[in-house]
**Q** 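After the structure tokens below, expect a handful of questions from me.
Every chain is numbered from 1 and lettered A, B, ... according to where its sequence line falls, protein lines coming before strand lines.
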Amino acid sequence: MLEPDIRPESDFRERVWAFVRSVPPGKVVTYGQVAAMLGYPFAARAVGSVLHHTPTHAKVPCQRVVNRWGRLAPTYGDGGAEQHRMELLADGVEVRPDFTVDLKIYQWWPEITSEG
DNA sequence: ATGCTGACAGGAG
DNA sequence: ACTCCTGCCAGCA
């Protein structure tokens with residue numbers, strides 16, 4: 001597990017990209033989860049907006065970000081959910097014909113509250 | 001600074 | 001599990 005540059009002095013977008021890049025292949029996270037990790041439990045919408053504006057040179061695996069129900073992005077890149085599914089399959093994530101992912105299997109957590 | 005938009009999330013039927 | 005309305009936040013004109 002790497003340590004992303006999730007710093008408050010950085011811009012919101014940079015924090016989002018940094019966190020998303022910390023997501024390992026074969027795993028996915030929800031917009032709300034990312035937002036919560038950044039300190040904004042209700043900024044899920046902002047996270048989605050940021051990812052939508054994510055430049056190609058950002059090298060960000062936005063494919064590993066789905067909604068709370070594991071739903072893929074309907075307007076992902078130019079191919080929409082179609083392309084999103086391809087990217088997920090490439091990472092080893094199985095996507096249902098409904099364009100949904102089983103979060104209980106692929107959802108990833110950066111830090112588990114296992115302090116004991 | 002104000003108003004509108006969007007790859008969200010939660011509650012109710 | 002899906003649909004409709006509401007609340008939150010960041011980005012852009």
Side-chain angles (χ1 to χ4, degrees):
Chain A
M1 169 177 169
L2 300 176
E3 189 173 351
D5 295 339
I6 303 176
R7 300 181 301 177
E9 59 185 273
S10 300
D11 291 341
F12 182 82
R13 294 184 297 182
E14 292 186 356
R15 278 180 274 177
V16 173
W17 297 331
F19 180 85
V20 175
R21 288 188 300 182
S22 68
V23 180
K27 286 292 180 180
V28 302
V29 294
T30 65
Y31 296 95
Q33 185 177 345
V34 176
M37 297 304 172
L38 301 178
Y40 299 86
F42 293 94
R45 198 167 238 279
V47 174
S49 183
V50 169
L51 265 61
H52 180 56
H53 293 286
T54 299
T56 308
H57 62 75
K59 305 290 290 185
V60 179
C62 29
Q63 62 201 47
R64 295 170 193 160
V65 184
V66 298
N67 65 5
R68 57 177 174 177
W69 287 40
R71 193 69 161 164
L72 305 189
T75 61
Y76 186 98
D78 296 340
E82 275 289 330
Q83 183 177 341
H84 195 164
R85 191 209 288 210
M86 301 296 276
E87 296 288 342
L88 253 32
L89 293 173
D91 279 356
V93 178
E94 183 178 5
V95 181
R96 291 174 178 273
D98 293 340
F99 294 96
T100 56
V101 179
D102 194 343
L103 295 177
K104 56 195 298 181
I105 297 177
Y106 297 104
Q107 186 170 18
W108 175 74
W109 297 83
E111 55 179 63
I112 305 173
T113 57
S114 60
E115 50 187 309

**Q** Any side-chain heavy-atom pair from Leu103(A) and Thr30(A) closer than 4.5 angstrom?
**A**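 Answer yes - side chains close enough.
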**Q** My understanding is that only residues two or more places apart in sequence, or in another chain, count here; which of them pass side chain to side chain donor-acceptor pair (under 3.5 Å) with Ser49(A)?
**A**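 Ser49(A) satisfies side chain to side chain donor-acceptor pair (under 3.5 Å) with no other residue.
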**Q** For Tyr40(A), report the nucleic acid contact type (base, sugar-phosphate, nothing); a contact means any heavy atom under 4.0 Å.
**A**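 Contact class for Tyr40(A): sugar-phosphate only.
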**Q** Nearest whole Å is fine: how far is dG11(C) C1' from Trp17(A) CH2?
**A**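 In whole Å, dG11(C) C1' and Trp17(A) CH2 are 11 Å from each other.
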**Q** Give one of base, sugar-phosphate or nothing for Tyr76(A), where a contact means two heavy atoms less than 4.0 Å apart.
**A**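 Touches a base.
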**Q** Measure the distance from CZ on Arg15(A) to C1' on dC9(C) and round it to the nearest whole Å.
**A**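 After rounding, the reported distance stands at 12 Å.
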**Q** Of all nucleotides in DNA chain B with an atom under 4.0 Å from a non-hydrogen atom of chain A, which is the first and which the last going 5' to 3'?
**A**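 Endpoints of the contacted stretch of DNA chain B: dG6(B) to dG10(B).
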**Q** May I have the list of side-chain donor-acceptor pairs in residues 32-44 of chain A shorter than 3.5 Å, sequence neighbours left out?
**A**
unit_1: Gln33(A); atom_1: OE1; unit_2: Gln107(A); atom_2: NE2; d: 3.1
unit_1: Gln33(A); atom_1: NE2; unit_2: Trp108(A); atom_2: O; d: 2.6

**Q** Just call it for Thr30(A): base, sugar-phosphate, or nothing, with non-hydrogen atoms closer than 4.0 Å on any strand.
**A**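 It contacts sugar-phosphate atoms only.
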**Q** Within a strict 4.5 Å, meaning less than it, do heavy atoms of the Arg15(A) and Val50(A) side chains meet?
**A**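 Arg15(A) vs Val50(A): side chains apart.
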**Q** Is any side-chain heavy atom of Val95(A) closer than 4.5 Å to a side-chain heavy atom of Leu72(A)?
**A**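 Counting from C-beta outward, Val95(A) and Leu72(A) do come under 4.5 Å.
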**Q** Give one of base, sugar-phosphate or nothing for Ala46(A), where a contact means two heavy atoms less than 4.0 Å apart.
**A**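 Ala46(A): base contact, heavy atoms under 4.0 Å.
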**Q** Return whichever of Ala44(A) or Ser49(A) has its heavy-atom-nearest nucleotide of DNA chain C closer to the 5' end.
**A**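 Closest to the 5' end, via its nearest nucleotide, is Ala44(A).
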**Q** Return the set of residues passing side chain to side chain donor-acceptor pair (under 3.5 Å) with Asp91(A) (not counting sequence neighbours), or none when no residue passes.
**A**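 Asp91(A) satisfies side chain to side chain donor-acceptor pair (under 3.5 Å) with Gln63(A), Arg64(A) only.
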**Q** Taking the side chain as every heavy atom from C-beta outward, state whether Pro61(A) and Val20(A) have any pair of such atoms under 4.5 Å apart.
**A**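 Yes. Closest side-chain heavy atoms under 4.5 Å.
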**Q** Roughly, in whole Å, what's the span from NE2 in His52(A) to C1' in dG11(C)?
**A**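 Interatomic distance, NE2 of His52(A) to C1' of dG11(C): 11 Å.
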**Q** Could you pull out the protein-nucleic contacts involving nucleotides 1-7 of chain C (nitrogen or oxygen on both sides, under 3.5 Å)?
**A**
none

**Q** Under 4.5 Å between any side-chain heavy atoms of Trp17(A) and Pro55(A), yes or no?
**A**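 Yes, side chains in contact.
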**Q** Per the side-chain hydrogen bond (donor to acceptor under 3.5 Å, both in side chains) rule, what does the pair list look like for residues 72-81 of chain A, sequence neighbours excluded?
**A**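 Applying side-chain hydrogen bond (donor to acceptor under 3.5 Å, both in side chains) to every pair that reaches into residues 72-81 of chain A, excluding sequence neighbours, yields nothing.
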